[in-house]
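Here the structure comes first, spelled out in structure tokens, and everything after it is commentary.
Scope of the values below: all heavy atoms of this structure, side chains included, with no hydrogens, waters or symmetry mates. Numbers restart at 1 for each chain; the letters A, B, ... are given by sequence-line order, proteins then strands. From a predicted model like this one, the values you see are computed outputs, not experimental measurements.
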Number of protein chains: 2
Amino acid sequence: MTTPPRFVEDYLLALLAQASHAASADFHARLKARGVAVPVWRVLATLHGAAAGATVGQLGKTCLMQQPTMSKLLDRMAADGLLARTRQGRQTRIALTSTGAALADSLVAEARAHEAALLARHAEAAPALKALLRAIISG
Amino acid sequence: MTTPPRFVEDYLLALLAQASHAASADFHARLKARGVAVPVWRVLATLHGAAAGATVGQLGKTCLMQQPTMSKLLDRMAADGLLARTRQGRQTRIALTSTGAALADSLVAEARAHEAALLARHAEAAPALKALLRAIISG
DNA sequence: CGCCGACACATGAAAAGTCATATGTTCACC
DNA sequence: GGTGAACATATGACTTTTCATGTGTCGGCG
């Protein structure tokens, strides 16, 4: 008799979380090797190529962090010289410094290479997967 | 002219993380309404229907938490009467108390209902999606 | 104009997570 | 059987996140 499938092994939200975690694991290891924390990387990636910068709120949403967490992360990144704040009315615009932009460029290149390798291992299904993930994200 | 696609908007790892986050959002809200933190839920879900319990290490892996984090989470859950530890040689076996099992049952039922609704919205693609996620998880 | 509610962000105290390491256990090998 | 390496978990110092709330700004409306 086969063991009945345990709930957690077929639960969609668990599969999503585990897939996300597993897929990111080795890239995250490379980040750590370079001394870059995951939240820092997310901000850099989000700001990469965003000429006009972004607001704290926008960064929070796309990086999946709460607003106070983001504020404090930005404190540290500013202290490290990666970005600068500019108050604009009631919102704060965040822009990378040249140091931050250089780091972002370098990491984005590495991420792209890593992604390409991952996609190659699921070549047929990849476009459909991305589309499906987008659908889920859109609700 | 269309804006060039920003890196982060087409990056697979970001899509996975965002999809996972978005898909979980309203269930997590229900957990919060019941006063249950997400890591607590994950442990309950993992232990649900695991007659023999699990070890700290196993829980850490399936719940995507590091071992010291798990140890301390288990401290709190034990203090709340949700589970009990039993040292077995060099490992510690974790089993739900009846209180914990009742809570787990209730939450798992709610999670199944929530998942069913989500799957219904992506009926055709769901099996393929799960298969793909499993492939990613397996590396 | 002046006021009030909504908004965007910052901050302080408390909780949770992380990193390094300590403790206790098993296993292989001599 | 004793010793040392690998394992499984626990714990302590420190960092990050969270929750609640504070501060400053815009918007509409009397």
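- For dT9(D), the OP1/OP2 oxygens have a side-chain nitrogen or oxygen of Thr55(B) closer than 4.0 Å.
- No side-chain donor-acceptor contact under 3.5 Å links Arg42(A) and Thr62(A).
- Rounded to an integer number of Å, the gap from Gln88(B) CD to dA10(D) P is 13 Å.
- Between Leu74(B) atom CG and dA10(D) atom P the separation is 7 Å, expressed in whole Å.
- Met65(A) and Val43(A) make their closest contact through CE-CG2, 4.3 Å (heavy atoms, listed as atom of the first residue, atom of the second, distance).
- Gln91(B) comes within 4.0 angstrom of sugar-phosphate atoms only, judged by non-hydrogen atoms across all strands, and of no base.
- Rounded to whole Å, atom C1' of dT18(C) lies 14 Å from atom CE of Met70(B).
- Remark: of the listed residues Gln88(A), Gln91(A), Lys61(A), Gln91(A) is the sole one forming a side-chain contact (heavy atoms from CB on, under 4.5 Å) with Thr55(A).
- Side-chain atoms of Arg85(A) lie closest to dA10(C) of the nucleotides dT11(D), dA10(C), dG24(D).
- Taking 4.5 Å as the limit, some side-chain heavy atom of His114(A) sits within range of a side-chain heavy atom of Arg30(A).
- Atom-to-atom distance recorded for Thr46(B):OG1 and Gln58(B):CD is 10.0 Å, nearest 0.5 angstrom.
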Would you tabulate the pairs of protein nitrogen or oxygen atoms and nucleotide nitrogen or oxygen atoms of nucleotides 14-17 of chain D closer than 3.5 angstrom?
residue : atom : partner  : partner atom : Å
dT17(D) : OP2  : Arg76(A) : NH2          : 2.7

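- Among the atoms of the strands shown, only primed sugar atoms or phosphate atoms (P, OP1, OP2) are found under 4.0 Å from some heavy atom of Thr92(B).
- Checking dA10(D), dC19(D), dG27(D) against every side-chain atom of Val56(B), the shortest atom distance belongs to dA10(D).
- Among the atoms of the strands shown, none is found under 4.0 Å from any heavy atom of Arg93(A).
- Side chains of Ser71(B) and Gln67(B): a donor on one and an acceptor on the other come within 3.5 Å.
- For Gln67(A) and dA8(C), a side-chain-to-base donor-acceptor distance below 3.5 Å is absent, hydrogens and geometry of angles not being considered.
- With rounding to whole Å, Lys61(A) atom NZ is found 11 Å from dC7(C) atom C1'.
- Scanning both residues, Asp10(B) and Glu115(A), for their nearest heavy atoms gives O-OE2, 3.3 Å.
- Rounded to an integer number of Å, the gap from Arg90(B) CZ to dA10(D) C1' is 16 Å.
- Taking every side-chain heavy atom of Pro68(B) into account, dA20(C) is the closest of dC19(D), dT11(C), dA20(C).
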